[in-house]
Amino acid sequence: FDTQLFEQKYYSVRSRYPERDIFVLRNAQNQYGLFHYNGTPVMPMQKNEIWIDPEMATLLMFSNRGITVLDFEGNPRFTYVKLNCICGKYWAALISNGSWGLVDKDNKVLLPFKYVNVNWTSGNHGKVMITAYTTAGENDRADLFDPDTMEHIGKIINGRTVMDN
């Protein structure tokens, strides 16, 4: 930057997304706003934390209601209690009853909200699998899915992996 757009002592850059020429600023009052690189505001300063998730190419807003996915103009798209990025393509999403499911960036439900946890693991021969736990603890049970096709590829039963083939 050849020109200073903001007084440096009052703002800090929280996250940026060069592909869209935008970045998030936080001011001294812990308010967050979204700006174009030319300094034009996209979203005015507000109290909820905003974060750009470059892996999912989305904008996230954190509030006491949960995590809201916004479009890049700041319009809300959908909200979940928690969102965890899975393989850079999906979100493990938690709803208010404590159930997890899997959604894509358009909020299409790929795995129903019936799991106690959803994450990804490296399995046999380094293959990445989506693991959707139906129970937790010593007697854990889970369904395994291929992250590329979302096909069921196996199960975990009492800590032991059993593949479908």
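Quick note: residue numbers are just sequence positions, from 1.
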Exercise. Any side-chain heavy-atom pair from Lys89 and Met150 closer than 4.5 angstrom?
Worked result: no
Problem set entry | Phe35 side chain reached by Phe23 side chain, heavy atoms, under 4.5 Å | yes
Exercise. More than 12 foreign heavy atoms under 6.0 Å from CZ of Arg77: is that the case here?
Worked result: yes
For this session: Using the rule that two of Ile, Leu, Val, Met, Phe, Trp, Tyr join whenever any of their side-chain heavy atoms come within less than 4.5 Å, decide whether Ile157 and Ile153 are in one cluster.
Result: no
For this session: Output all residues satisfying ring pair (Phe, Tyr, Trp, His ring centres under 6.0 Å) with Phe145, sequence neighbours left out; order by chain, then residue number.
Result: His152
Exercise. Is there a side-chain contact between Phe72 and Ile22 (heavy atoms, below 4.5 Å)?
Worked result: yes
Exercise. Taking side chain as C-beta onward, heavy atoms only, is Tyr17 less than 4.5 Å from Thr58?
Worked result: no
For this session: Could you tell me whether the side chain of Val103 reaches within less than 4.5 Å of the side chain of Leu110, counting heavy atoms only?
Result: no
Exercise. Looking only at atom types and distance, does a side-chain atom of Asp53 sit under 3.5 Å from a main-chain N or O of Ala57, one as donor and one as acceptor?
Worked result: no
Problem set entry | Worked verdict on Leu60 versus Ile50 for side chain to side chain contact (heavy atoms under 4.5 Å, CB included) | CA-CA 6 Å; Leu60 304 174; Ile50 300 168; over 6 Å; no
Problem set entry | Single hit among Thr121, Asp143, Asp140 for side chain to side chain donor-acceptor pair (under 3.5 Å) with Thr131 | Thr121
For this session: Side-chain contact test, heavy atoms from C-beta onward, threshold under 4.5 Å: evaluate it for Tyr133 versus Ile156 and give yes or no.
Result: yes
For this session: State whether the side chain of Asp106 and the backbone N or O of Lys108 hold a donor-acceptor pair below 3.5 Å, judged by distance alone.
Result: no
For this session: Would you check if the side chain of Ser15 reaches a backbone N or O of Trp51 as a donor-acceptor pair within less than 3.5 Å?
Result: no
Problem set entry | Check: Leu102 and Ile86 side chains under 4.5 Å, non-hydrogen atoms | yes
Exercise. In Å and rounded to the nearest 0.5 Å, what is the CG to CZ distance from Leu83 to Phe78?
Worked result: 7.0 Å
Exercise. Going by heavy atoms in the side chains, are Glu49 and Val24 under 4.5 Å from each other?
Worked result: no
Exercise. With distance as the sole test, does Lys105 use its side chain to make a donor-acceptor pair with the main-chain N or O of Met56 at under 3.5 Å?
Worked result: yes
Exercise. Who are the side chain to side chain donor-acceptor pair (under 3.5 Å) partners of Ser63, not counting sequence neighbours?
Worked result: none
Exercise. Can Asn107 and Tyr80 be counted as having a side-chain donor-acceptor contact under 3.5 angstrom?
Worked result: yes
Seminar exercise, completed: The side-chain contact (heavy atoms from CB on, under 4.5 Å) partners of Pro44 (sequence neighbours excluded) come to none
Problem set entry | CD (Glu151) with more than 12 external heavy atoms under 6.0 Å | no
